[in-house]
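Structure record follows, encoded as structure tokens.
Quick note: numbers below take in every heavy atom, side chains included, and nothing from hydrogens, waters or symmetry partners. Each chain gets a letter, A, B and so on, in the order the sequences are listed, and its residues count up from 1.
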Amino acid sequence: MSDQTQIRTRFAPSPTGYLHIGGARTAVFSWLYAKRYGGKFILRVEDTDNERSTEDSIQQILDAMAWLGLDYDEGPFRQTDRWEIYHSFIKKLLDSGHAYRCVCTREDLDEKRELMQKSGAKPMYDGSCRGKDIPADVGKPYVVRIAGPKDGKTEVEDLLRGTVVFDNSELDDMIIMRTDGSPTYNFCVVVDDADMKISHVIRGDDHLANTPRQLVIYKALGLKPPKFAHVSMILGSDGKRLSKRHGALSVLEYRDMGILPDAFLNYLTRLGWSHGDQEVFTLDELKSKFDLDAVSKSASRFDLEKMTWTNAEHLRKMDNKALVKISGNAFEGIPGERLETLLEMLKPRARTLVDLAASARIYLEDGLEYDEKSVTRFLTSDTASLLSELADRLEIANFGRKEDIETVFNEYLEEKGLKLKILAQPVRVALTGGTVSPGLFDIMAFMGKDKCLARIREGARRGRG
RNA sequence: GUCCCCAUCGUCUAGUGGCCCAGGACACCGCCCUUUCACGGCGGCGACGCGGGUUCGACUCCCGCUGGGGACGCCA
């Protein structure tokens, strides 16, 4: 495969906080696109902002990607390690006249911006230092600006949106190097994407307006731009921009909520991408089916409810070994066959790993938490005698076979002339503390005679008051 | 304010001029299954933002409006 046809995508987060849903989705799209076409996925940390970048953020982003299984073929590169490269290109632009030094102060700039804003124009730099040929030894702090085109148009060819045209008069001469000598974002992105031979830049919609500016730099540098795909943003459930208040949680928090990585990937990909009517995808399906042509152009809202549903779907289909592995120590020390039984009982009822572990505790641990309402309703003085009689009967049952338990149950019911319906809920509350559980005989067989009888008798005790 | 993007059920979406008085999924509501809850099955509720064109025919094409989002930093 030649250089031109090799697909190379990248994820380029700035380490100024944790990885949230929005960032995660562009990462996922980029990663899947590379997987889909047998390309490479590159991770690049955009840490040129000294003030806000933190090592802790980098680690969090790395952790989140590792949890999701977003493996990268190259990197993580760090822009702070690439200073010489940027400076060599800045020098090149300065020498060729595509960039110039500017000594305007921040105060000047702010003032100008405000004035333009008031007059109804787009606030931009007016280019007052352009053409002055200010030398490096002016004796004043200076920035370097790109000398962009003053007229004409710049066209962005976007894979999702077609040709988007910007009037060059809308673009000002942006700063590519700060007073302190550090290069700026728009410049580094161009240099890096070109240097790393990125073929497809898949990024958020919020960067669409940056793209013509970057195109100006590509042109000045004589470099060939990659293909662009600007994916729409994810909004909060109220349609507002995602903020900490609604939905912009760290990806890692979904892990802590008991969401499966594959389910997270499934939901996030499906949010803004579709493949006919299919809702549930395995990881392999995503890797083989994802493509940019079916990516939606409109913004979509994050819906925790549907993510949880997607998670439940994955949970049910997951094989037990994998489930135990991902659950950490929740099922530690339980023999294989017993574990299988437990998971088969609990899986169809669980929505998250947290649910699953919590429901398992009822049957594994000695102590029991009682739901007050259920107790009042079902553990009454009427049911108390039934429960203790039943417990006595069950002494002879073989708890190794749930059919045996059922037989004893039925014999007792017949004698009393009662329906199972009457006895089922009181027994369930006695055994589990609540009114919701898997089949009665299933949980009894699982818990064993001692625990069952103890709990039923305790239930009777509570019934008597 | 200026520029840019977007617009189908509450939400995610299918739909690329006739197959659509619009299909699927989540949520919600019934019913069935059933010892409870879930799973599963069946059914219901529910949308093409508005106004102009183009066309024999518009959810689909064009224009305007409205609404939503984004960008305008020595942040990324």
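The interatomic distance linking Glu114(A) (CD) with U2(B) (C1') rounds to 16 Å, in whole Å. A straight line from CD of Glu344(A) to P of A38(B) spans 19 Å, rounded to a whole angstrom. Between the NE2 atom of His207(A) and the P atom of G70(B) there is a distance of 13 Å, rounded to whole Å.
Using modelled atom types, one finds a donor on one side chain and an acceptor on the other under 3.5 Å when comparing Thr154(A) with Asn168(A).
Two rings, from Phe399(A) and Phe446(A), have their centers 6.0 Å or more apart.
Across all strands shown, C45(B) remains unpaired; no Watson-Crick or G-U wobble contact has both distances below 3.5 Å.
Taking the side chain of Arg316(A) as heavy atoms from C-beta on, and the options C3(B), U13(B), C39(B), the nearest nucleotide is C39(B). Listed nucleotides: C4(B), C74(B), U13(B). Nearest to the side chain of Ser300(A): U13(B).
Gln278(A) contributes no side-chain N or O that forms a donor-acceptor pair with the base of G24(B) under 3.5 Å. Residue Arg270(A) places no side-chain atom within donor-acceptor reach of the base of U13(B), judged by atom type and a 3.5 Å distance cut-off alone. With hydrogens and angles ignored, no donor-acceptor pair closer than 3.5 Å exists between the side chain of Thr184(A) and the base of C74(B).
Between Val165(A) and Gly276(A), the residue anchored closer to the 5' end of RNA chain B is Val165(A), taking for each the nucleotide with the nearest heavy atom.
Using a 30° and 60° split on the angle between ring planes, Phe409(A) and Phe441(A) fall in the perpendicular class, above 60°.
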